Amino acid sequence: MCGIVGYFGNKDSVPILINGLKRLEYRGYDSAGLAVMGDDQIHFLKKAGKVSVLEREVDDHVLHGSIGMAHTRWATHGEPNDINAHPHLDQEGNIALVHNGIIENYNALKQVLEKEGVTFQSETDSEVLVQLISKIYYKDGLSFPEAVQAALQEVVGAYGIVVMCKDEPDLMVAARYGSPLVLGVGEGEYFIASDASPIIEHTRSVVYLDEGEMVVLKNDGYTISQIKDKKVVYKDISIIEHDLEAIEKGNFPHFMLKEIHEQVNTITDTMRGRLQVDEGTAFLGGLSDFMPRIEHAKQYYITACGTSWHAGLIGKYLLEEFAGIPVHVEYASEFRYRRTIIDKDTVVIAISQSGETADTLAAIKKAKSQGALTLGICNVVGSSIARNTDCGVYTHAGPEIGVASTKAFTAQVTVLSMLALLLGRKKDLSKQHGIKLATAMANIGKDVETILSDTYDIETIAEEHMQVGNFLYLGRGVNFPVALEGALKLKEISYIHAEGYPAAEMKHGPIALIDDNMPVVFIAPHDKTYDKVLSNIEEVHARKGRIIILTDKKSKDLEKLSDYIIKIPQCHPRVFPILASIPLQLLAYHLAVLRGCNVDMPRNLAKSVTVE
Ligand code: AGP
C-alpha cells in the first residue's frame, strides 16, 4: 500500500530510486514519482501510471542528485493522476515529502492551513503534512528535524514518510507510525524503504524502525529518536538473509508462477527443523516459552484478512479436530471494532504474509490490551505483526512479490497444521495418528512436484473458459476454505466473478445461478465428505452446470458426472487442502494470462494493505 524509497549518499540517486520503485511496485501502482536535492532547489517528476511511465519521463529529463526520495502510490485520497502523485511539495517548493499511510485529521489541518493562506495543489491527505511541516519550519524557527517532529505530533493516522528540505540540504528525515520503514546502512550511504527489497542489492545491514520513531540521516551518520519526546534510541543492525534471486523473476514470466512453483520447496522449508515425524509431533521454537498458556487456553481466535483469513479457517478445522479447543476465525477489520469477549485465557493468532496489514495489526493490539496472549504467523521477518505479538512462528516461504498470495498461503496452512499436531499430541491425539499425519506432511513437497509436472488439464480448462463471466467453487469441511481461496485467486487476478461456498449451502441460494454456462469447481477428495459432495455434484449435473472436479482419485461416478477432472496425488485428508490449493492457483493464473490481465499487479490491489 504505497512504496517509498529514499537514498542518501554519494552516488546518483535517480537510478537507485527507479530500481527501488520497481521492487516496491507490488505495493501500489497508481502513480509514481521522485524528487532529488539539487544545488539550489528540489527537482521532482511525478506521473500517473506504473513506474515504467515515470522511468520514460526520467529518461527525457536531466535529473541527478545524491539525495533523493521516490514513491509508488496506491490511491486512497484523490484519484490516481499526476497532481495527486507523490512527492508532494510545500507551496514554495522548498520541502518534499513522500508518504505511505493515511492522515486521518487532514481535513481539520487543511482548514487551519488554508485560513493561514496556504494553497493546496492536490486532493491528497499527504500534502497536508508537507504544508504543515513547512508552516512550522518557517514560522517557529526550529531546525528541520525538529519541525518534522513537531508536525508529526499534530497528526492523527498512519504514516511512513521521507522528507527533505532545500534549506538544510545535507540531511534527510524519515519517520514511521503505523506504516513500515526499514533503514539500510551501507558504506557511507543510507537507504530508507517500505521494505528491504530495494535495499538488499546495496547492503544487507538494516535497522527496522519501530512505531513512533524517526531517523535523521547526515553525512556523519544517522540518529534514531522517538517522535513523542525526542529521546535517542540505539538499535541493533539486522542482517537480511535471503538472496537477491528470491526477489527476482528468474526464468518465469510472472512472479506468481515462480511462487507457485517454489511451493515444491517452500512447504518443506516451513517444516524444516520443526516437524518430528518419528514422534508424530512438531516443535515450534517461537512458542516454547508460552506453551503452558497456549496449551491450557480456553479458546482461540484467529484474526486475519483475505487469503490469510482463509488459511485461518482451515486452521480452525485442524485445531478443533486435533486439539479440541474452540476456535473463532474473524476478519481483523471486524474483530477490531466490536466487543470481543476475550481475556488472559484466550490465545489470539494473527496470520499475515506481510506482517504489516493495518487491520490485523490493530486487532492484535486490541487483543493484547484485553489480556489475551497474541501469537503471530508471519512471513516477513521483522515485520510489525511479528514484533508486536507475544510469540510466533515464521512461515519461511521467502519473499512473496506477486500480489496474489500463493506460497505464503500454503506455508500458513502448514504452520497451522504443525500447531494442530503439536497441540493435538499434548491432548489426546495418539502417537500413531500423529505419525501418520506427520509422514503425510513430510511428503508434500514430492506431491507438489507431481502436480506441477503436468498442468495440461488445467491449461485446457482455462482455454475453454476464458470467456465466461462467473465461476462457483464448492467444497465441504476443511475444503470449504479451499473453495473460498480458489474463488478469491480467480477474481483478483482474472477479474472473473467467482464465489466460494460450502457445497451443501448451494441449494440455499446459489443453485439458482446454475445453467449450462456456469462452471462449478468441486473440491471432492475421497474422505468422509465424498458421498455428500457427490450428491451436490448430481444436483449441479441435473441443472446442466459445467462440472470441474478436483479430486485425489478418479472414480466411475466422478467420470460420469464431470466435464473435467483435475487429479492430484492421493494423500492424507488433512494434507489435501494444501495440495488442492495448487491446481486452483494455476487455474486462476492461466485464465488471467489468457485474458491478458496483469497477473502480478492486478488492478486496484496492493500487496501490503497498510491502511484500514
Ligand atoms: C491475497 O491474494 C490477497 N492479495 C490479500 O487478500 C491478502 O491475503 C490480504 O491483504 C492479507 O495480507 P497479509 O497476509 O499480508 O496480511
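Because the structure is a prediction, the values reported are computed rather than measured. Ligands are counted one by one from 1 in listed order, and the atoms in each one are counted from 1 as well.
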Where ligand 1 meets [X] - atom numbers and elements under 4.0 angstrom, heavy-atom basis:
X    : answer
T307 : 1 (C), 2 (O), 6 (O), 8 (O)
S405 : 1 (C), 2 (O)
A404 : 2 (O)
K489 : 1 (C), 2 (O)
S352 : 13 (P), 14 (O), 15 (O), 16 (O)

Discussion item. S308 versus ligand 1: do any nitrogen or oxygen atoms come within less than 3.5 Å of each other?
Written reply: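 Yes, there is a polar N/O contact under 3.5 Å.
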
Discussion item. I'd like to check whether A606 has a polar contact with ligand 1, where a contact means an N/O of the residue lying under 3.5 Å from an N/O of the ligand.
Written reply: no

Worksheet item: Quick one: do the D195 and S197 side chains pair a donor with an acceptor below 3.5 Å?
Response: yes

Within this structure, what is the [atom1]-[atom2] distance for the pair [X] and [Y], rounded to the nearest 0.5 Å?
X    : Y    : atom1 : atom2 : answer
I451 : D454 : CD1   : CG    : 11.0 Å
S494 : K489 : OG    : NZ    : 11.5 Å
L181 : N100 : CG    : CG    : 8.0 Å
L284 : I377 : CG    : CD1   : 8.5 Å

Where is the nearest protein heavy atom to [atom]: which residue, which atom, and how far?
atom                    : result
atom 15 (O) of ligand 1 : S354 OG, 2.7 Å
atom 12 (O) of ligand 1 : T357 OG1, 3.5 Å
atom 10 (O) of ligand 1 : V609 CG2, 4.0 Å
atom 2 (O) of ligand 1  : E492 OE2, 2.4 Å
atom 11 (C) of ligand 1 : C305 O, 3.3 Å

Worksheet item: Side chain, backbone, both or neither: which part of E356 comes within less than 4.0 Å of ligand 1 when only heavy atoms are counted?
Response: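 E356 to ligand 1: no contact under 4.0 Å from either part.
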
Worksheet item: Taking NZ, NE, NH1 and NH2 as the nitrogens, is one of them in E330 or R338 under 4.0 Å from a carboxylate oxygen of the other?
Response: yes

Discussion item. Does this structure show an ion pair linking E262 with K258, if we count only N-O contacts that are shorter than 4.0 Å?
Written reply: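 Yes, this pair counts.
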
Fill in: K235 to Y208 six-membered ring, cation-pi geometry met (6.0 Å, 45°)
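That pair does not qualify as a cation-pi contact.
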
Discussion item. When you measure from the centre of the six-membered ring of Y29, is the NZ or CZ of R73 closer than 6.0 Å and no more than 45° off the axis?
Written reply: no

Worksheet item: Does ligand 1 have an atom under 4.0 Å from some heavy atom of V403?
Response: yes

